[in-house]
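Reading through the structure tokens given below for one structure.
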Amino acid sequence: MYQLTKLENNLESLLLEFNISEKIDIRLSKDESYDLQINNLVKYQKHPKINEILKRFKNELGNESFIEEYSIGNKNFINIEVNLHEFVNSLENIRNFIKVHNPQSIIFDYGGPNIGKPLHVGHLRSLNIGRSLYNINKLAGNKVFSDIHLGDWGMPIAQIIQYGIENKIDFKKITIEELEEIYPSASDLYLKNSQFMESAQSVNKNLNDNNKDLINIWKNIKSVSLKSLKSTLEKLYHDFDLWKGESDVNSLIPPMLESLKENNKISLDDGAYISNLETDPKILITKSDGSYLYLTTDLATVLDRLKNTMFDKTFYVVDKRQKLHFEQLFSSLKYFDFPDKEYAHISFGTLNDSEGNPFKTREGGTKKLIDLFDETYNYIEKINEKLDENSKHILTNTVLTYSDLITNRNTDYKFDLEKFTNVNGKTGIYVQYANVRANKLITDSLLDTSDFSIKISKLDDSDKNLLKSYIKFEFYFQQAIQNNEPHHLADYLYELSRQFNAMYQGVNILENPDSDLKHNKLINTKFFLIYSSLLMECLGILPVKKM
RNA sequence: GCUCUCGUAGCUCAAAUGGAUAGAGCAACAGACUUCUAAUCUGUAGGUUAUAGGUUCGAGUCCUAUCGAGAGCGCCA
């Protein structure tokens with residue numbers, strides 16, 4: 001952790017004197033009576049100079065003011081108890097402690113909603129995980145860009161246009177409702193009717209070639225769709241820095257392909273261009289009619305970003321079934337000699353209904369995200385009829401976010417509305433409730449917030465448990481940012497909230513005759529609010545004022 | 001057929017990348033309310049980590065096999 005960086009460095013250079021190159025890792029202790037542990041010496045139990053090493057370690061540990069006490073157990077596990085007084089004095093600075101040393105520039109690619117159809121439940125995870133990682137990296141001091149990366153090009157659009165042409169639909173007057181009806185019919189027809197398929201493919205080819213009439217139709221569709229998309233996203237408290245789409249890179253593709261041909265990176269196979277990279281399966285770059293694929297536009301998108309957005313990394317927040325696509329994309333970037341940058345597929349599992357089956361409407365179609373929002377909203381309304389509209393809105397988004405982020409992103413999970421809206425358990429409602437209680441307490445107390453000191457001797461167990469839990473923040477934050485896994489922070493927020501509630505419930509704070517005890521608990525509450533709010537920010541959750 | 005994930009308490013999930021006695025929540029059971037927001041809190045019980053081997057000081061985590069579940073596999077995105 002931040003306060004112990006110096007100690008870690010000292011211990012590392014100490015070991016170097018014994019020709020041991022070892023990264024010292026101070027971690028949370030498994031032993032309940034301690035806070036931190038160092039396990040690095042376990043593997044050197046039989047080192048000839050272990051006794052001397054231990055002696056030097058004891059010297060270093062003894063000189064560290066942040067350490068109250070330590071013990072070296074069997075097998076040389078080292079346990080550390082932190083000095084609460086020193087720790088409490090540093091608590092306010094948590095926002096500085098989580099800053100990275102070398103800030104980087106990161107693009108978050110949300111793997112695009114398709115403009116032909118409304119946001120469906122499948123988009124929820126990409127939005128939640130993406131927003132959380134975006135916030136976490138921003139708090140860490142990295143430069144971040146979110147790009148919704150719309151699916152506004154390719155076969156789906158061509159299918160819609162061809163369907164519209166055949167059914168004499170006036171695209172200038174088209175509504176979102178009509179558009180939403182066309183897409184399923186068009187894609188259904190595409191699979192069943194080979195003549196329609198050919199026509200649609202020809203539309204796709206002509207779009208790629210910038211046919212003016214088709215582009216005008218496309219513009220109408222996109223504008224109608226985007227308006228609806230933005231209104232749904234606004235309701236879910238999502239926004240993006242970049243509203244780019246696949247269409248934006250269309251003009252970059254022909255020169256890119258020319259260059260790849262010149263450099264002998266791609267060649268014809270059954271009329272289509274495939275990568276010359278030896279892979280199984282082969283990587284398809286264009287279709288045999290010359291039109292483009294998912295991979296073609298993704299490659300060109302990287303070119304576009306290299307030109308317009310300085311970046312060190314790109315994170316593709318896209319579901320795990322597209323693993324092969326991203327493996328192909330990343331190996332192609334390398335094989336095609338694109339500039340060396342970091343690319344990662346932040347994959348996630350499927351969101352299923354409470355039975356564990358894919359989410360469907362009663363009619364069997366894909367379920368709209370806005371419908372899931374409305375159902376959750378109505379459910380919360382039933383539980384507490386007195387809530388104002390804004391609180392219901394925030395709580396709805398809390399439920400949709402927290403329940404999504406509490407699980408490891410790669411695990412498939414079941415959306416169980418009854419479970420997720422329960423105040424008991426690891427739910428968004430529970431963490432909001434603790435935050436509301438704490439806020440009310442501070443407001444009613446008229447606490448002087450300039451004095452953050454605590455009387456250590458007057459702390460009871462519930463105070464200490466809560467205070468010591470703040471030690472874990474940096475560890476979980478690091479876990480989250482290193483592995484791109486928000487669930488560590490979601491789980492930790494529950495732990496803090498539970499411990500706050502335990503402290504709150506123990507004794508009456510405001511009416512307490514012991515003024516030191518009262519002061520301690522109010523300051524502790526203040527700390528809880530700092531941490532709880534910061535965690536909510538990490539997760540993309542707004543604190544509710546009352547509930 | 002090939003490739004890749006996964007299998008942890010009755011249920012839903014964790015486990016800091018190989019560290020000590022595998023942790024939470026729900027459900028169950030037993031308690032605490034003329035409340036600073038009880039939409040709460042306290043306690044009890046629940047495990048041969050799918051199975052069988054292996055690697056080493058140490059394995060839920062790594063390797064091999066078997067069983068079981070899911071996903072992907074050039075002209076969709």
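By convention in this document, chain letters (A, B, ...) are assigned in the order of the sequence lines, proteins followed by strands, and residues within each chain are numbered from 1. No experiment lies behind these values; they were computed from the predicted model shown.
Using a 4.0 Å heavy-atom distance criterion, A/Ala272 is classed as a base contact. Using a 4.0 Å heavy-atom distance criterion, A/Ile509 is classed as a base contact. The residue A/Asp491 sits apart from the nucleic acid: no heavy atom pair falls under 4.0 Å. Using a 4.0 Å heavy-atom cutoff across all strands shown, A/Thr407 reaches sugar-phosphate atoms only and no base atom. Across all strands shown, A/Leu28 has heavy atoms under 4.0 Å from base atoms, whether or not it also approaches the sugar-phosphate. Residue contacts for A/Lys323: at a heavy-atom cut-off of 4.0 Å it reaches the sugar-phosphate backbone alone, with no base atom in range. A/Gln432 comes within 4.0 angstrom of nothing in the nucleic acid, heavy atoms only. A/Asn424 comes within 4.0 angstrom of the backbone, heavy atoms only, and of no base. When heavy atoms are screened at a 4.0 angstrom cut-off, A/Val544 is found touching no nucleic acid atom at all. Across all strands, A/Asp25 comes closer than 4.0 Å only to sugar-phosphate atoms, never to a base (heavy-atom distances). A/Gln45 comes within 4.0 angstrom of a nucleotide base, judged by non-hydrogen atoms across all strands. Counting any heavy atom pair closer than 4.0 Å across all strands shown, A/His487 reaches sugar-phosphate atoms only and no base atom. At a threshold of 4.0 angstrom between heavy atoms, the contacts of A/Asp280 with the nucleic acid are absent. Within the nucleic acid shown, A/Tyr504 comes within 4.0 Å of at least one base atom, counting heavy atoms only.
For the ring-ring contact (aromatic ring centres under 6.0 Å, His included) with A/Tyr316, the qualifying choice from A/Phe326, A/Tyr110, A/Tyr294 is A/Phe326, the only one to do so.
Classified by interplanar angle (parallel below 30°, tilted 30° to 60°, perpendicular above 60°), the ring pair A/Phe473/A/Phe477 is parallel. Using the six-membered ring where Trp is involved, A/Tyr492 and A/Tyr476 have ring planes that are tilted, between 30° and 60° apart. Using the six-membered ring where Trp is involved, A/Tyr494 and A/Tyr430 have ring planes that are tilted, between 30° and 60° apart.
Between B/G43 and B/C26, the distance separating the two P atoms is 13 Å to the nearest Å. To the nearest whole angstrom, the two C1' atoms, one in B/G7 and one in B/A50, are 6 Å apart. Atom C1' of B/C29 sits at a distance of 14 Å from the matching atom of B/G10, rounded to the whole Å. B/U12 and B/A22 are spaced 23 Å apart, taking the P atom of each and rounding to whole Å.
In this structure, A/Lys419 does not reach the B/C13 phosphate: none of its side-chain N or O atoms is under 4.0 Å from OP1 or OP2. Note on A/Lys43: every side-chain N or O is 4.0 Å or more away from OP1 and OP2 of B/C57. OP1 and OP2 of B/C36 both lie 4.0 Å or more from every side-chain N or O belonging to A/Thr525. The phosphate of B/C36 has OP1 or OP2 within less than 4.0 Å of a side-chain N or O from A/Asn508.
If you check B/U12, B/U42, B/A15 against the side chain of A/Lys414, the one that comes closest is B/U12. The nucleotide whose nearest atom lies closest to any side-chain atom of A/His488 is, among B/A14, B/A15, B/U37, B/A15. Listed candidates were B/A71, B/U42, B/C36. Nearest to the side chain of A/Ala502 is B/U42. Listed nucleotides B/G19, B/C76, B/A16 differ in distance to A/Phe475; the shortest reach to its side chain belongs to B/A16. Here the nucleotide nearest the side chain of A/Lys46, chosen from B/C57, B/C76, B/U37, is B/C57. Closest contact between the side chain of A/Lys282 and the listed nucleotides B/G74, B/C57, B/U37 involves B/G74. Nearest nucleotide to the side chain of A/Tyr294, out of B/A77, B/C13, B/C41: B/A77. Between B/A24, B/A20, B/C36, one nucleotide has an atom nearer to the side chain of A/Tyr494 than all others, and that is B/A24. Nearest nucleotide to the side chain of A/Asp444, out of B/C36, B/C76, B/A14: B/C36. Side-chain proximity of A/Lys287 to B/C75, B/U37, B/A16: nearest is B/C75.
In this structure, A/Lys222 pairs ionically with A/Asp152, as a charged nitrogen and a carboxylate oxygen lie closer than 4.0 Å.
The base of B/A20 sits with one of its N or O atoms less than 3.5 Å from a complementary donor or acceptor on the side chain of A/Asn79. In this model, no side-chain donor or acceptor of A/Gln505 finds a partner on the base of B/A32 within 3.5 Å.
A distance of 6.5 Å separates NZ of A/Lys23 from CG of A/Asp25, quoted to the nearest 0.5 Å.
Between the NZ atom of A/Lys75 and the C1' atom of B/G18 there is a distance of 13 Å, rounded to whole Å. In this structure, CG of A/Leu284 is placed 10 Å from P of B/A77, rounded to the nearest angstrom. Spacing between atom OH of A/Tyr413 and atom P of B/U5 amounts to 24 Å, rounded to whole angstrom units. In this entry the distance linking NZ of A/Lys320 with C1' of B/G70 reads 8 Å, nearest Å. Rounded to whole Å, the distance from CZ on A/Phe420 to C1' on B/A39 is 18 Å. Note: CD (A/Glu495) to C1' (B/C13) measures 15 Å, nearest angstrom. What separates CD1 of A/Ile442 from C1' of B/U37 is a distance of 15 Å, to the nearest Å. One interatomic measurement links the two molecules: CG of A/Asp298 to C1' of B/C75, which rounds to 16 Å at whole-angstrom precision.
Nearest-nucleotide positions on RNA chain B for A/Gly425 and A/Arg27 put A/Arg27 closer to the 5' end. Both A/Asp270 and A/Arg409 sit near RNA chain B, but only A/Arg409 has its closest nucleotide nearer the 5' end.
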Mind running side chain to side chain contact (heavy atoms under 4.5 Å, CB included) on A/Met256 and A/Leu299 for me, showing each step along the way?
-> CA-CA 9 Å; A/Met256 176 181 83; A/Leu299 283 167; 3.9 Å; yes
Residues A/Ile429, A/Asn422; criterion side chain to side chain contact (heavy atoms under 4.5 Å, CB included); working and verdict | CA-CA 7 Å; A/Ile429 302 293; A/Asn422 196 337; over 6 Å; no
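Taking the six-membered ring for Trp and the full ring otherwise, A/Tyr531 and A/Phe527 have centroids separated by 6.0 Å or more.
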